[in-house]
There are 2 protein chains.
Amino acid sequence: MPPVSPATRVRNAAATRSAILQAARERFARDSYENVGVRDIASGAGVDAALVSRYFGSKEELFAEVLKSGKRGLDVIGEDMDGLPERVADLLLDQPAEDKPLDDLLVALHSAGSPQAGHMIRASISERFHVPLAQLLGGENAELRARVFGAVLMGMAISQKVAGEFEIAPEVREPLRARIADLVRLALSPL
Amino acid sequence: MPPVSPATRVRNAAATRSAILQAARERFARDSYENVGVRDIASGAGVDAALVSRYFGSKEELFAEVLKSGKRGLDVIGEDMDGLPERVADLLLDQPAEDKPLDDLLVALHSAGSPQAGHMIRASISERFHVPLAQLLGGENAELRARVFGAVLMGMAISQKVAGEFEIAPEVREPLRARIADLVRLALSPL
DNA sequence: TGGTCATGTCAACAGTTGCTGACAAGATGA
DNA sequence: TCATCTTGTCAGCAACTGTTGACATGACCA
């Protein structure tokens, strides 16, 4: 008996491209730029590795596309300044798992140290997070305050998601939530 | 004319081992675990790449040795609680360049995302930073507060060193220093 | 001096990486 | 139905990785 035709993949360039992009985002959110291979990505998307190069030119361009197509910072933390500190605290303490709003942050974190991906991440964070947040903040040194806030957010996210810390007892959850909110408030307050 | 004998390296196992260790720390402070090769390290130490495996067993064991031989957290931020927030702020804002007290922090940051090096870093940070700092802090939830402080420190260090941010105008330097110190104070305060 | 062990060098290994070109095969229009 | 373009597959390249074993050579002791 001849081997069955392997599921006769439907030919759809746009769908394939976006499958690769999505698989790439998933991998880059869990590993560093260097540690994610195009073969991993391709197999995650269920396609041949050669298509990654074909559709995106290179791994580096694919990574840039992942950054570009990610959520904008304000989509994650919300545009409303009221209650923002508490929302951020919840975001950090909860396990969203829903539509993975922190995936883009994780992508940045995992590859922030990479010399190849670093400058792309820096530019992306500035353009997609610091600048719009600074506009929303207004006032003096808005961008500097946005960066301080970003730094606090980064550190918390690293500890929580990457380093696996903050395995906290239930009774300290509320105080910790309040503490994080206070830190955010302080970071954003007039300077 | 025969090629001159290449500087006739003195044979000294201890010195060679420590040269490799030092070169490894320098590289790991500037690049991620995956991105640093044993050949880079060896050439930085002026020795053959094979000696890395010989003296340390494997790249992974060498990395563990780098972590183990690094400065302890309290050696960097000081044991005295008085003025600690300001000292930390100075540490972050200045370019020490002296004996590179932040190199060990950078090692952790660059490779925190690595699946191979991650668990080692987590263990090392906990043992060499969180636990002793918690003892120094005392009081309720000391270790949790130490971790929150560590998270803030991490985020600032990432923004400053890795992401190259905080290129600040001279006139905001003082307010920023005060802000960072306040954040540290808040992170460490009773919860 | 001669012998022996520690130390350093070299070449090569098996595996991986990103990427490319030749080819197969579905889809589309005449 | 035939030709053409698009989409997907496959094999393989060249460069790199960590690691190993065989070998050379220095240092040290009897």
Side-chain angles (χ1 to χ4, degrees), chain A residues 2-24 27-28 30-66 110-111 113-117 120, chain B residues 2-24 27-28 30-66 110-111 113-117 120:
Chain A
V4 290
S5 143
T8 51
R9 151 165 298 279
V10 288
R11 295 181 163 234
N12 183 338
T16 300
R17 214 189 110 101
S18 106
I20 292 174
L21 193 62
Q22 181 185 337
R27 310 287 161 138
F28 284 133
R30 278 149 194 76
D31 266 331
S32 68
Y33 178 81
E34 287 81 17
N35 241 343
V36 174
V38 295
R39 285 172 178 84
D40 309 341
I41 296 172
S43 93
V47 304
D48 190 275
L51 290 188
V52 174
S53 294
R54 181 117 94 220
Y55 278 109
F56 293 91
S58 68
K59 178 183 172 182
E60 196 161 342
E61 291 172 88
L62 169 59
F63 187 79
E65 192 83 10
V66 167
H110 274 113
S111 298
S114 158
Q116 295 191 71
M120 289 188 272
Chain B
V4 289
S5 144
T8 51
R9 153 165 296 278
V10 288
R11 290 175 170 240
N12 183 338
T16 300
R17 213 190 111 99
S18 107
I20 293 174
L21 193 61
Q22 182 184 334
R27 310 289 160 138
F28 285 133
R30 279 149 195 76
D31 265 331
S32 68
Y33 178 81
E34 287 82 17
N35 242 344
V36 174
V38 295
R39 286 171 178 84
D40 310 340
I41 297 172
S43 92
V47 303
D48 190 275
L51 290 188
V52 174
S53 293
R54 183 117 92 222
Y55 278 109
F56 294 90
S58 69
K59 177 183 172 183
E60 196 162 342
E61 291 172 89
L62 169 58
F63 187 79
E65 193 83 11
V66 167
H110 275 113
S111 298
S114 159
Q116 295 190 73
M120 289 188 270

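We use all heavy atoms of the structure for the numbers below, so side chains are in, but hydrogens, waters and symmetry mates are not. Just so it is clear: chains get the letters A, B, ... in the order the sequence lines come, proteins before strands, and each one is counted from 1.
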Can you measure A:Arg27 atom CZ to C:dT17 atom C1' for me and round it to whole angstrom units? 16 Å
Answer yes or no: is there a side-chain heavy-atom contact under 4.5 Å between B:Leu62 and B:Ile41? yes
Would you say B:Thr16 reaches C:dT7's phosphate, i.e. side-chain N/O to OP1/OP2 under 4.0 Å? no
Please state whether the rings of B:Phe28 and B:Tyr33 are parallel, tilted or perpendicular, taking 30° and 60° as the class boundaries. parallel
Have a look at B:Tyr55 and say if it touches a base, only the backbone sugar-phosphate, or nothing, with a 4.0 Å heavy-atom cut-off. sugar-phosphate
Between atom NZ in B:Lys59 and atom C1' in D:dT20, what is the gap in whole Å? 17 Å
Heavy-atom nearest nucleotide on DNA chain D taken for B:Asp40 and for B:Ala50; more 5' hit belongs to B:Asp40
Can you tell me the distance, in whole Å, between the CZ atom of B:Phe63 and the C1' atom of D:dT19? 19 Å
Interatomic distance, A:Asp31 CG vs C:dT17 P [rounded to whole Å]: 12 Å
Closest nucleotide among D:dT9, C:dC19, C:dT7 to the A:Asp48 side chain: D:dT9
Please confirm whether the backbone N or O of A:Ser32 pairs with a side-chain atom of A:Asn35, one donor and one acceptor, at under 3.5 Å? no
Specify the separation, in whole Å, of atom CZ of B:Arg39 and atom C1' of C:dT16. 13 Å
Between A:Leu51 (CG) and C:dG21 (C1'), how many Å, whole number? 14 Å
Donor-acceptor contact below 3.5 Å, side chain B:Ser58 vs main chain B:Glu61: yes
Residue whose closest nucleotide on DNA chain C lies nearer the 5' end, B:Asn12 versus A:Arg54: B:Asn12
B:Arg11 CZ to D:dG26 C1': how many Å, rounded? 4 Å
Rounded to whole angstroms, how far apart are CZ on B:Arg17 and P on C:dA6? 16 Å
